[in-house]
There are 2 protein chains.
Amino acid sequence: MIRLLIADDHPVVRAGLRAVLESEPDFAIVAEAATAERAVELAAEAEVDVVLMDLQFGPGSAMNGAQATAAITARAGAPRVLVVTTYDTDADTLPALEAGATGYLLKDAPPEELAQAVRAAAAGRSALASSVADRLLERMRTPAAALSARETEVLGLVADGLTNQQVSQRLHLSQATVKSHLVHIYTKLGVDSRTAAVREARGRGLIR
Amino acid sequence: MIRLLIADDHPVVRAGLRAVLESEPDFAIVAEAATAERAVELAAEAEVDVVLMDLQFGPGSAMNGAQATAAITARAGAPRVLVVTTYDTDADTLPALEAGATGYLLKDAPPEELAQAVRAAAAGRSALASSVADRLLERMRTPAAALSARETEVLGLVADGLTNQQVSQRLHLSQATVKSHLVHIYTKLGVDSRTAAVREARGRGLIR
DNA sequence: TCCGGCATCAATCAAAAGGTTGAACTCCGC
DNA sequence: GCGGAGTTCAACCTTTTGATTGATGCCGGA
């Protein structure tokens, strides 16, 4: 019998996951959490094998699903965490997987796939949605080319449509510095304009 | 007895709505649709009082929830359509309401609120999530200042970071025309730069 | 029917922003 | 302690933008 904890801020989604998974004879839903914090508590208190974890927890929550995943998997004998989310951008997936998630599924997955993923997670095997797996492999092939923290910060503001001057003011820098960061970003991403950089970074999930 | 049709591309959400609403003694779920097209068909065929309609139908679908809503409410004796969606941006809500939706709810609504909204919709009364209602009233107070279709198109490309020249090429216009549109956009929005226009328009839900 | 809004384009010009090059300084790891 | 990566800045030049002025054709409501 696989004991499950469902963590999602949407009552409808919780009910849906419960309905879909309860019909499996070898599953038992032992708890539900509407917040990330509560999920961490319950994962520690209750006897749970697999946590179904949403990533987005609404504006009212200080902790997100990735942080909760890290908190849960940090302790010994922790349950497996299976991330179940709506969107599959790199920006979401990688932190979650780095936080120790055993699998990553999309909410539009058919019920059978969900059940299979839960069984895989319970057995310690990883279960990734194919789109996520594809992107992970893609990521392996390309040598990373990660941006530095400052560069990411600059590019994030550029992506918001700010000009170099506005970015420099926001970050208390000179325009020269901002431009310099941008040049480095361009070379790292293999592009030669701010809009191309934003597009490329979005595609790679480097910025939200 | 209120007869319901659930239209959502996510199996989990369909199951969740079913689970939440089935427990109400005066509700009967008579059909489910995984695509917008199927929802339109079923709304015409089956005896339905209220359609619970998602707005987003995934990349595999040509029709979105707002279009389906319009198609359903167009015919005589049509059921009421209650939009149930995840996000509440102006860009989403207004088309849906214009398409004839009786109500607009967010998926993070508590089950009781959902049930109340369904009863209101069945009775012909409108049911809006408070955040949506707030923005509608706000909209009433501000004298609209709507952008023309062409202006919206131009601003959308500008928001993607395109230069005037790129926009002109994409739209088969001269740069002069693009600039002309932008000037009009600026005066309508009360701003004086492209980035400010993008920010303002985003805030008002004029562009995605 | 006439007027106003919309869409289209032209030309000019100063100011702003963007991109390039080069160069310090700091911090960290080898 | 040397080298490289990251952060910061300056000077220079090119491109873009925004402001302005003005004009044409189309369409729909008063």
Side-chain angles (χ1 to χ4, degrees), chain A residues 91 94 139 142-207, chain B residues 91 94-95 98 139 142-207:
Chain A
L94 288 179
R139 172 65 52 105
T142 57
L147 300 180
S148 73
R150 198 58 157 170
E151 286 163 356
T152 304
E153 203 174 358
V154 169
L155 188 53
L157 294 178
V158 168
D160 282 342
L162 301 204
T163 67
N164 288 350
Q165 190 178 49
Q166 290 170 318
V167 172
S168 72
Q169 286 168 355
R170 189 80 74 85
L171 263 28
H172 304 293
L173 294 176
S174 76
Q175 284 196 51
T177 306
V178 173
K179 291 178 179 183
S180 180
H181 284 309
L182 283 176
V183 169
H184 294 150
I185 292 168
Y186 296 164
T187 58
K188 282 184 179 179
L189 297 183
V191 299
D192 60 355
S193 82
R194 56 174 47 221
T195 70
V198 169
R199 215 196 299 280
E200 185 67 24
R202 282 234 168 86
R204 298 197 199 179
L206 267 24
I207 54 178
Chain B
L94 288 178
E98 283 165 7
R139 173 66 51 107
T142 57
L147 300 180
S148 72
R150 198 56 159 172
E151 286 162 355
T152 304
E153 203 174 359
V154 169
L155 187 53
L157 293 178
V158 169
D160 282 342
L162 302 203
T163 68
N164 291 349
Q165 190 177 45
Q166 289 170 320
V167 172
S168 72
Q169 286 167 356
R170 188 79 73 86
L171 261 29
H172 304 294
L173 296 175
S174 75
Q175 284 195 53
T177 305
V178 174
K179 287 184 175 187
S180 181
H181 284 309
L182 282 177
V183 168
H184 294 151
I185 291 169
Y186 294 165
T187 58
K188 282 184 180 179
L189 296 183
V191 299
D192 61 355
S193 84
R194 56 178 46 225
T195 68
V198 168
R199 214 198 298 279
E200 185 66 26
R202 282 235 168 87
R204 297 198 199 179
L206 267 24
I207 54 178

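Just so we're on the same page: letters track the sequence lines, and every chain starts at 1. Heavy-atom basis, side chains included; hydrogens, waters and symmetry copies ignored.
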Using atom NE2 of A:H172 as one end and atom P of D:dC9 as the other, report the distance to the nearest whole Å. 12 Å
Look at all strands and tell whether A:H181 reaches a base, only sugar-phosphate, or nothing, counting heavy atoms closer than 4.0 Å. base
For the pair made of CD in A:Q166 and P in C:dA16, what is the distance, rounded to whole Å? 13 Å
Measuring to OP1 and OP2 of D:dT16, would you say a side-chain N or O of B:R194 lies under 4.0 angstrom away? no
Using rotation axes that map the C1' atoms of four end pairs onto the next four (five pairs an end), what angle separates the end axes of the helix from C:dT1-D:dA30 to C:dC30-D:dG1, to 10°? 40°
Tell me the interatomic distance from B:L182, atom CG, to D:dT20, atom C1', rounded to whole angstroms. 15 Å
Between A:Q166 (side chain only) and A:T163 (backbone N and O only), is there a donor and an acceptor less than 3.5 Å apart? yes
Touch check for B:S148, heavy atoms < 4.0 angstrom, all strands: base, sugar-phosphate only, or nothing? sugar-phosphate
Rounded to the nearest Å, what distance is computed from the NE2 atom of residue A:H184 to the C1' atom of nucleotide D:dT8? 10 Å
For C:dA17, take OP1 and OP2 only and decide whether either is under 4.0 Å from a side-chain N or O of A:N164. no
Please report, rounded to the nearest Å, how far the C1' atom of C:dG22 is from the NZ atom of A:K179. 14 Å
Once you round to the nearest 0.5 Å, how far does CD1 of B:I185 lie from CZ of B:R194? 9.5 Å
Could you go through nucleotides 25-30 of chain C and list every protein N or O atom that sits under 3.5 Å from one of its N or O atoms, giving the distance for each pair?
none

Separation of D:dG6 atom C1' from A:I185 atom CD1, nearest Å, is 12 Å
Let me know the distance between CD of A:Q165 and P of C:dA15, rounded to the nearest Å. 15 Å
The nucleotide from C:dT8, D:dC9, D:dA19 with an atom nearest the side chain of B:D192 is D:dA19
Any B:K188 side-chain nitrogen or oxygen under 4.0 Å from OP1 or OP2 of C:dC6: yes
Upstream residue (5' side of DNA chain D) when B:Q175 and A:L173 are each assigned their closest nucleotide: A:L173
Could you tell me whether B:T177 contacts a base, only the sugar-phosphate backbone, or nothing, with contacts defined as non-hydrogen atoms closer than 4.0 Å? base
With sugar-phosphate meaning primed atoms plus P, OP1 and OP2, does B:S180 contact a base, only sugar-phosphate, or nothing at under 4.0 Å between heavy atoms? base
Of D:dA10, D:dG6, C:dA7, the nucleotide closest to the side chain of A:A176 is D:dA10
Kindly indicate whether the side chain of B:V198, heavy atoms from C-beta on, has any atom under 4.5 Å from the side chain of B:V158. yes
Please report, rounded to the nearest Å, how far the P atom of C:dG18 is from the CG atom of B:L162. 15 Å
Closest to the A:T163 side chain: D:dG6, C:dA17, D:dG18? C:dA17
Regarding B:T177 and B:S180, is there a side-chain donor-to-acceptor distance under 3.5 Å anywhere? no
